[in-house]
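I have placed the structure first, in the form of structure tokens, so that the comments after it can refer back to it.
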Amino acid sequence: MLVVVARPRIGGWGRRQWAAIIAFGVMMAAMNGFFYTAISRIPLGTAVAIEFLGPLVLSSVLSRRRSDLLWVGLAFVGMALLGIDSVLGASSLDMVGVACALIAGLFWAGYILTGARVSRTVPGSGGLAVALVVATVVLLPIGTGQALPAMHDWRLLALGAGTALLGSVIPYTLEQGALRRLPEHVFGVLLSLEPAIAALAGLALLHQAIGLLPALAIAAVIAASVGTTMNAARKAKVGAEQTPEHARGVGSRPPSDTEREPMPAA
């Protein structure tokens, strides 16, 4: 779908650009593959909260600020609450599902790094479109056998197409558009609401009840994400204030939307 819309000009890409796109596609395939496996076994909000550990740990590693480590510690407290809830039997969690969510979080961090590289080296949304094709090729040998029953049921085919549209095409495209128009720290705060929205979607659409401890765990992950995002914003502001005016290019105009290349986010 996205290739038809973006119409990427692949003929002009070099080896470095193709390497970045292929790595991006592999990370995307692994992230989504493990995530969908996770939500088939554990509640949606819980899976998203666990997966969020990947970007949080990546943020703390890249910043190396003690305060970020504290925020990540808060997120792990939230995961501990999920473990306590499972042990107490209030909402027993499938350990395979938890492991898949954790692995998806690891590949989410890789997705962010490789996506940033693609956004710097490949103009427009063509890199994202081709990366989705790469992800399809990676998952094809694994998913073909499981997808065969859907080929005889138009309802399953429609659900698959709807998932492709609502789970990949629209959100990835809207994320790029949002990053062109919003400051990164504002985007990060909005993105941190994902676990809560996922939990509410699970409750409304899948009838997955949210217990007290899981709700506290999700709140801890959201707070940790907001904290690391705001820390990054303050650090960037301080760095800009300490940069001499001549180094900042006084009098130069800010780049337009078409000149700025966004970093794809999960």
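The structure displayed is predicted, hence computed values, not measured ones. Worth knowing before you read on, the calculation uses all heavy atoms, side chains too, and leaves out hydrogens, waters and symmetry mates.
Residue Leu102 places its CG atom among more than 12 non-hydrogen atoms of other residues, nucleotides or ligands, all under 6.0 Å distant.
Applying the side chain to side chain donor-acceptor pair (under 3.5 Å) test to residues at least two apart or on different chains, none of the pairs has a partner in residues 1-16. Residues in residues 149-161 take part in these side chain to side chain donor-acceptor pair (under 3.5 Å) pairs, two or more places apart or across chains: Asp153-Arg155.
Here the side chain of Glu51 pairs no donor or acceptor atom with the backbone of Phe35 at under 3.5 angstrom. Gln17 places a side-chain N or O within donor-acceptor distance of the main-chain N or O of Thr121, the cut-off being under 3.5 Å. No donor-acceptor pair closer than 3.5 Å links the side chain of Gln146 to the backbone N or O of Gly143.
Considering only heavy atoms from C-beta on, Ile50 comes within 4.5 Å of Ile42 through its side chain. Pro8 places a side-chain heavy atom less than 4.5 Å from the side chain of Val3.
Cluster membership check: Tyr36 shares its hydrophobic cluster with Met28, using side-chain heavy-atom separations under 4.5 Å among Ile, Leu, Val, Met, Phe, Trp and Tyr. In the hydrophobic clustering of this structure, Val133 does not group with Leu140; members are Ile, Leu, Val, Met, Phe, Trp, Tyr whose side-chain heavy atoms approach within less than 4.5 Å, directly or through other members. The cluster map of Ile, Leu, Val, Met, Phe, Trp and Tyr, joined by side-chain heavy atoms under 4.5 Å apart, puts Ile10 and Leu132 in the same cluster.
Here the shortest heavy-atom pairing between Ala101 and Ala38 reads N-CB, 3.7 Å. Of all non-hydrogen atoms in Gly25 and Ala135, the two that sit nearest each other are O-CB, 3.4 Å. Heavy-atom minimum distance, Gly145 versus Pro149: O-CD, 3.9 Å. Considering every non-hydrogen atom in both Thr37 and Cys100, the closest pair reads CG2-SG, 3.7 Å. When all heavy atoms of Ala161 and Met1 are compared, the closest pair comes out as O-CE, 3.8 Å.
In this structure, Ile218 CD1 and Phe52 CZ are separated by 11.5 Å, a value rounded to the nearest 0.5 Å. The CG atom of Leu165 sits 4.0 Å away from the CD1 atom of Ile170 when rounded to the nearest 0.5 Å. Within the model, atoms CD1 of Ile21 and OG1 of Thr114 stand 11.0 Å from one another, a figure rounded to the nearest 0.5 Å. Interatomic distance, Ile39 CD1 to Leu206 CG, rounded to the nearest 0.5 Å: 8.0 Å. Atoms CG and CG, from Leu44 and Leu200 in turn, are 10.0 Å apart once rounded to the nearest 0.5 Å. How far OH of Tyr111 is from CE of Met27: 12.5 Å, rounded to the nearest 0.5 Å.
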Q.
Please evaluate residues Leu203 and Gln208 with respect to the criterion side-chain contact (heavy atoms from CB on, under 4.5 Å), reporting the C-alpha separation (whole Å), side-chain torsions for both, the decisive distance (0.1 Å), and the verdict.
A. CA-CA 5 Å; Leu203 177 64; Gln208 296 174 344; 5.9 Å; no

Q: Give the C-alpha distance, both sets of side-chain angles, the deciding distance and a yes or no for side-chain contact (heavy atoms from CB on, under 4.5 Å) between Trp18 and Val130.
A: CA-CA 9 Å; Trp18 275 109; Val130 176; 3.8 Å; yes

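The other members of the hydrophobic cluster of Leu156, by chain and number, are Leu159 (side-chain heavy atoms under 4.5 Å, ILVMFWY only).
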